Number of protein chains: 2
Amino acid sequence: MLPSKAIYGLRALMFLGERYEGSPVLISEIAEKEEIPKKFLEAILLELKNKGYLRAKKGKGGGYWLIKNPKDVFIGDIIRILSGPLAPTSCSSKTAFAPCPECPDVETCKIRLLMEDVRQGIAEILDNESLQNLLERK
Amino acid sequence: MLPSKAIYGLRALMFLGERYEGSPVLISEIAEKEEIPKKFLEAILLELKNKGYLRAKKGKGGGYWLIKNPKDVFIGDIIRILSGPLAPTSCSSKTAFAPCPECPDVETCKIRLLMEDVRQGIAEILDNESLQNLLERK
DNA sequence: ACTAAATCTACCATATTAGTAGACTAATTA
DNA sequence: TAATTAGTCTACTAATATGGTAGATTTAGT
């Protein structure tokens with residue numbers, strides 16, 4: 001299951017995406033409008049800033065804003081940042097491969113082959129969904 | 001990430017699948033050959049028995065065996081039993097729908113629409129993969 | 001200097017995961 | 001019927017992840 005952190009992060013990004021190229025938005029405004037615990041949101045936005053998606057300004061008139069075009073922000077990448085690899089097992093991850101501790105032999109593991117199919121299915125959807133696509137869904 | 005429990009369970013089922021229609025297999029044999037903690041495996045096999053996939057016999061000559069044809073055992077169902085719904089969020093689950101606590105309004109939530117696509121992608125793979133298919137992979 | 005707003009450091013409670021220990025029950029066989 | 005075998009049940013436990021909170025600090029604008 002996707003953790004709250006990722007869901008909150010996506011909601012916040014959507015909020016900022018709708019104000020793309022507008023003025024800075026307060027954490028507290030996003031927190032209120034999206035019903036996200038403010039302190040938790042702080043940490044999430046900071047992480048997305050450190051990964052290069054947002055910028056922030058302190059003091060009066062400050063706040064957060066999106067610095068990438070919503071067309072160029074992919075949901076798969078956001079979820080990897082906020083929740084880790086998309087793959088269902090570490091042995092089936094492309095971006096963070098590691099042999100699963102549960103399997104005596106990674107090479108011959110058939111579960112891995114199946115999970116690689118699943119990972120590909122997930123990635124195909126999430127890596128092709130831009131923030132813009134998401135905002136335009138209905 | 002898929003919990004160890006589900007991975008162990010799948011490995012054990014594969015082991016029993018290869019001996020389909022043979023004599024009962026000891027928990028301790030599966031535990032040794034598949035390198036699964038025995039006590040943990042006990043609980044997993046019991047669960048699969050209670051769901052109708054396995055039968056067990058106590059005493060000498062006892063053990064566990066698969067009672068469904070491997071063609072009729074679907075990995076999606078096994079994972080649902082051992083690890084819960086396949087969907088990435090509760091709001092996108094078909095088998096266990098519940099509104100996510102993170103979203104003010106499920107109806108209009110665009111994240112849900114995306115996650116429903118993901119859930120469908122996952123389910124399409126796992127619900128069409130039988131234990132037999134899995135055993136025949138290479 | 002004052003105030004607004006992000007940032008940093010350090011916690012904390014709860015739930016989940018991944019087990020373990022040990023008594024108990026049921027079936028077989030000598 | 002007694003001993004043995006093997007699954008079942010109840011009750012813990014340790015470690016980790018999740019979902020936060022509190023409060024001091026830094027930076028920027030007026």
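Protein chains get the first letters and strands the later ones, always in sequence-line order, with residue 1 at the start of each. Note that the structure is a prediction, hence the values are computed from the model and not measured. Only heavy atoms go into these numbers, but all of them, side chains included; no hydrogens, no water, no symmetry mates.
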Name each donor-acceptor pair under 3.5 Å that joins a side chain in residues 46-55 of chain A to protein atoms two or more places apart or in another chain, with its distance.
residue : atom : partner : partner atom : Å
A/Glu47 : OE1  : A/Lys5  : NZ           : 3.1
A/Asn50 : ND2  : A/Leu46 : O            : 3.3

By side chain to side chain contact (heavy atoms under 4.5 Å, CB included), B/Ala96 pairs with (sequence neighbours left out) B/Pro85, B/Ser93
When rounded to whole Å, the CG to P distance for the pair A/Leu82 and D/dA17 reads 17 Å
Which atom pairs link the protein and nucleotides 18-24 of chain D when you take only N or O atoms and keep those under 3.5 Å?
residue : atom : partner : partner atom : Å
D/dG19  : OP1  : A/Ser4  : OG           : 3.1
D/dG19  : OP2  : A/Ser4  : N            : 3.2
D/dG20  : OP2  : A/Tyr8  : OH           : 3.2
D/dG23  : O6   : A/Lys39 : NZ           : 2.2

Under a 4.0 Å heavy-atom cutoff, the residues of residues 43-52 of chain B touching DNA chain D are B/Leu46, B/Lys49
Review item, nucleotides 26-30 of chain C N/O atoms under 3.5 Å of protein N/O:
residue : atom : partner : partner atom : Å
C/dA26  : O4'  : B/Lys58 : NZ           : 3.4
C/dT28  : OP1  : B/Lys57 : NZ           : 3.2

Side chain to side chain contact (heavy atoms under 4.5 Å, CB included) filter on A/Gln132, not counting sequence neighbours, yields A/Pro70, A/Lys71, A/Ser130, A/Glu136
Those residues at least two apart in sequence (or on a different chain) that pass side chain to side chain contact (heavy atoms under 4.5 Å, CB included) with B/Lys33 are B/Phe15, B/Arg19, B/Glu29
With sequence neighbours left out, the residues meeting side chain to side chain contact (heavy atoms under 4.5 Å, CB included) with B/Ser90 are A/Met1, B/Ala98, B/Cys100
Rounded to whole Å, CH2 of B/Trp65 lies from P of D/dA6 at a distance of 14 Å
Residues passing the side chain to side chain donor-acceptor pair (under 3.5 Å) test with A/Ser23, sequence neighbours excluded, are none
The side chain to side chain donor-acceptor pair (under 3.5 Å) partners of B/Arg119 (sequence neighbours excluded) come to none
Residue pairs passing the salt bridge (charged side-chain N to carboxylate O under 4.0 Å, His left out) test with at least one member in residues 84-102 of chain A, sequence neighbours excluded, are none
Main-chain N/O of B/Leu134 paired with A/Lys110 side-chain donor or acceptor, under 3.5 Å: no
Hits for side chain to side chain donor-acceptor pair (under 3.5 Å) against A/Asp77, two or more places apart or cross-chain, chain-then-number order -> A/Arg80
A/Ile27 CD1 to C/dC8 P, in whole Å, measures 11 Å
